Amino acid sequence: MLDIKFIRANPDKVKEALEKRGYKIDFEEFLSIEEKRLELLRDIEQKRALRNSVSQEIAFLKKSKDDSSNIDKLISEMRNLGDQIASLEQKLREIEERVQNFIFFLPNIPHPTVPVGKDENENVEIRRWGEPPKFDFEPMNHWDIGEILGIIDFERAGKIAGSRFAIMKGLGARLERALINFMLDLHTKKGYIEVFPPLLVNKNSMIGTGQLPKFEEDLFKVADPEFYLIPTAEVPVTNIHRDEILSEDDLPIYYVSYTPCFRKEAGSYGKDVRGIIRQHQFNKVELVKFVKPEDSYEELESLTQDAEEVLKLLKLPYRVVSLCTGDLGFASAKTYDIEVWLPGQGRYREISSCSNFEDFQARRANIRFRRKNKKGTEFVHTLNGSGLAIGRTLVAILENYQQKDGSVLVPEVLIPYMGLDIIR
RNA sequence: GGAGGGGUGGCCGAGUGGUUUAAGGCGGCGGUCUUGAAAACCGCUGUAGGGUUUUCCCCUACCGGGGGUUCGAAUCCCUCCUCCUCCGCCA
C-alpha cells in the first residue's frame, strides 16, 4: 500500500512511476474523492467536539440540580446533532471504502535501479554462475527420469487428487526431504530463525502481504470457517509481526521457513503441464527479513546471495536477472529472480524470487518500529526470497546430474542427507 | 461439542453510565543530590488522523474486532475473534 499523503502531494510522480509498470490510473477522480473525504471528516470532528462539550455541560448541570427545562432543551438539541453525525458518518464510511479500494489496487513504486521494460523479455541479466553441463547423450526431462527411476508418480497422483499433483516415492521422497533439511541447516547457520507457521491463514493476513483483495483467484480457499491456504510462507511469516511496534534493537529480524505452498495457477493453463515445475502444491524454503529502511537494499543483495549459496553448494549453474518494471510483482519495489539451468529444457528457469517490498507490506500489515531517542514510529521494510523452491531444485538435480544409464548422481553436499551417492 | 472465567497503554493492574482529561505501580527518559554510582525525591511518558503552523497549541478517534442503546459508553446490549480452566471427543 502506498502512503495516501504521498499520493495526495505527488500524484504526478506516482502516476508516472506506475505507468512504467503498465498501469494507467486516473488520479483526477481519486483526488476529488479524497478531498471530499477530508471535508467530511473535518465537519464530523467539529460536530463531535460540540457534542462532547455539551454532554459534559449536561452532566455538570445535572449534578448542580439546575433548571431542568434547560437540560431537556440541550438533550433534544444533542439528540438532533447525534442524528446528523450518524448520517454523515454513514457517508464517510462509503467514501472511505472507495478511497481504500483505490489504494489497495495500486502496486508498489519501482526502485530507480529497476530496468524499465514491458514484460519478462526485457528483464536484465546481472550475473551467471557455473557452466551448463555437457552430455554425450541426449539429456532427458525430469519427468522421464523420475518415472524411469520410479521416484515420481504422476498418474496415481492424478487419480487421488488431479492434474498438477505428484507423488514423490522412495528416493524421490527422500531427496525432497534431504533438500528441505539441507536448506534449513544452511540458512539457520547464517542466522535465520527457523519457523514453521500455520498453512491456513485469515483474510487480514492475505491483505497484509498484498495477495488480497486483488489476487483472490490465485488462492485456494476453505469455507466454514473461512481460511486461505498459503501460496508462500511469505504470508504467515511476514504477518508474524502484523500490528506490532518493534524496537530498533530488534532489527534486523531474519526468518527461514519451510512450508508447503498452494496455488491455483489460474491463467496458466497449458503452461508446464508436464512435470513438477508448476504444481498446485509444492514445498519451499523461504527467507523473510524485517529491516530498517536505510538498510533494505543492502539486505536485498545479501538475501539474494544467501539464496544463490544453495545453488553454489549444489553445484547447479544459474543466472540472476533483475526484473523489469513490467514484470515486477504487485507489492515489490525491486526483484531479482534466480534462474537455474535445466538441461531437459535447454534453458534457465526461475527457482527463486528475491524482493524488497520497502514499506508497502509494512504499511498494509501495520508493522512499525521505534528509533531510540526519537519520537514517533516508522514502518519497517520487508523482504523475502525463496531459498529455494524445493521441487524445482529437485528437477534441476535430476536433470543436471543425470547419467547415460538413467541414474542420477547425488550432489556431494546432499550425500550425508541421502545416505547414498547415486539414485538408480 | 458443553460449562465457566478473562482480553484495559511498552509491561502489571484498578475502573459497572457523567470533573476518567483511563487511578496506581513497574519500566523508560530528563532533572536535583553525589567524587562517581546506587538510593531517595521531583518532572515527563502511547498510536493514528485532522486543523493550526512551526514545533507551540487545539480537535477527533482508539480500553480484543464489528454493530447497537444513550445527550453522554472502557462501563449496558448484540455479535464475532481470541486466551485460560474443567468436562466430552480426538491425532
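The model shown is predicted, which means the values in this text are computed figures rather than measured ones. In what follows, chains carry the letters A, B, and so on, assigned in the order in which the sequence lines appear, proteins first and then strands, with residues in each chain numbered from 1.
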Contact under 4.0 Å: Asn52(A) side-chain N or O vs rU60(B) OP1/OP2: yes
Annotated protein contacts, base or backbone, on nucleotides 6-12 of chain B with a non-hydrogen cut-off under 4.0 Å, one of B, S, - each: -------
CZ on Phe290(A) to CD on Glu244(A), rounded to 0.5 Å: 8.5 Å
Exercise: identify the closest heavy-atom pair between Glu378(A) and Pro293(A): OE1-CG, 4.1 Å
Per Met78(A) side chain, nearest of listed nucleotides rA61(B), rC71(B), rA48(B): rC71(B)
Candidate pair Tyr228(A) and Phe220(A), rule ring pair (Phe, Tyr, Trp, His ring centres under 6.0 Å), full reasoning: CA-CA 6 Å; Tyr228(A) 293 87; Phe220(A) 284 110; over 10 Å; no
Note, Phe27(A) side chain near Val14(A) side chain (heavy atom, < 4.5 Å): yes
Who pairs with rC33(B) - Watson-Crick or G-U, where each distance is under 3.5 Å: none
Pairing partner of rG72(B) (Watson-Crick or G-U wobble, both distances under 3.5 Å): none
Spacing between Glu77(A) atom CD and rU70(B) atom C1', to the nearest angstrom: 17 Å
Full working for side chain to side chain contact (heavy atoms under 4.5 Å, CB included) between Leu394(A) and Met168(A): CA-CA 11 Å; Leu394(A) 193 145; Met168(A) 306 305 291; 3.7 Å; yes
Touch class at under 4.0 angstrom, heavy-atom based, for Arg363(A) against every strand present: nothing
Aromatic plane relationship, His280(A) with Phe165(A) - under 30° parallel, 30 to 60° tilted, over 60° perpendicular: tilted
Spacing of Arg242(A) atom CZ relative to rG64(B) atom P, expressed in whole Å: 18 Å
Protein-nucleotide distance (Phe60(A), atom CZ; rU20(B), atom P), rounded to Å: 12 Å
Residues within residues 199-213 of chain A bordering RNA chain B, heavy-atom distance below 4.0 Å: none
Student check: side-chain heavy atoms of Glu226(A) and Lys221(A) closer than 4.5 Å: yes
Whole angstrom value for the distance that separates C1' of rU70(B) from CG of Asp83(A): 12 Å
Lys NZ or Arg CZ of Lys214(A) over Phe105(A) ring: under 6.0 Å, within 45°: no
Sugar-phosphate only, base, or nothing, as touched by Gln56(A) at under 4.0 Å among non-hydrogen atoms: sugar-phosphate
Pairing nucleotide - rC57(B), Watson-Crick or G-U, each distance under 3.5 Å: rG51(B)
Sugar-phosphate, base or nothing in reach of Lys5(A), heavy atoms under 4.0 Å: sugar-phosphate
Candidate nucleotides rG18(B), rU60(B), rU21(B), ranked by approach to the side chain of Ile58(A) - the nearest: rG18(B)
Base paired to rC62(B) (Watson-Crick or G-U; both N/O distances under 3.5 angstrom): rG46(B)
Nucleotide forming a Watson-Crick or wobble pair with rC11(B), both distances under 3.5 Å: rG25(B)
G-U wobble or Watson-Crick pairing nucleotide for rU82(B) (cut-off 3.5 Å, both distances): rG6(B)
Sugar-phosphate, base or nothing in reach of Ser247(A), heavy atoms under 4.0 Å: nothing
Contact residues, residues 36-46 of chain A to RNA chain B [heavy atom, < 4.0 Å]: Leu38(A), Leu41(A), Arg42(A), Glu45(A)
Separation of rG28(B) P from Asp249(A) CG (nearest whole Å): 13 Å
Straight-line distance of Lys284(A) NZ to Glu234(A) CD, nearest 0.5 Å: 7.0 Å
Plane angle bin for His241(A) and Tyr255(A) - parallel if under 30°, tilted between 30 and 60°, otherwise perpendicular: parallel
Protein-nucleotide distance (Asp243(A), atom CG; rC63(B), atom C1'), rounded to Å: 16 Å
Leu92(A) CG to rG49(B) P, straight-line distance once rounded to whole Å: 15 Å
Sidechain-backbone polar pair: Thr209(A) side chain, Ser205(A) backbone, donor-acceptor under 3.5 Å: yes
Minimum side-chain heavy-atom gap Phe104(A)-Ile207(A) below 4.5 Å: yes
Separation of rA61(B) P from Leu88(A) CG (nearest whole Å): 14 Å
Under 4.0 angstrom between Arg51(A) side-chain N/O and rG72(B) OP1 or OP2: yes
Check against side chain to side chain contact (heavy atoms under 4.5 Å, CB included), Leu323(A) and Val114(A): CA-CA 7 Å; Leu323(A) 296 194; Val114(A) 172; over 6 Å; no
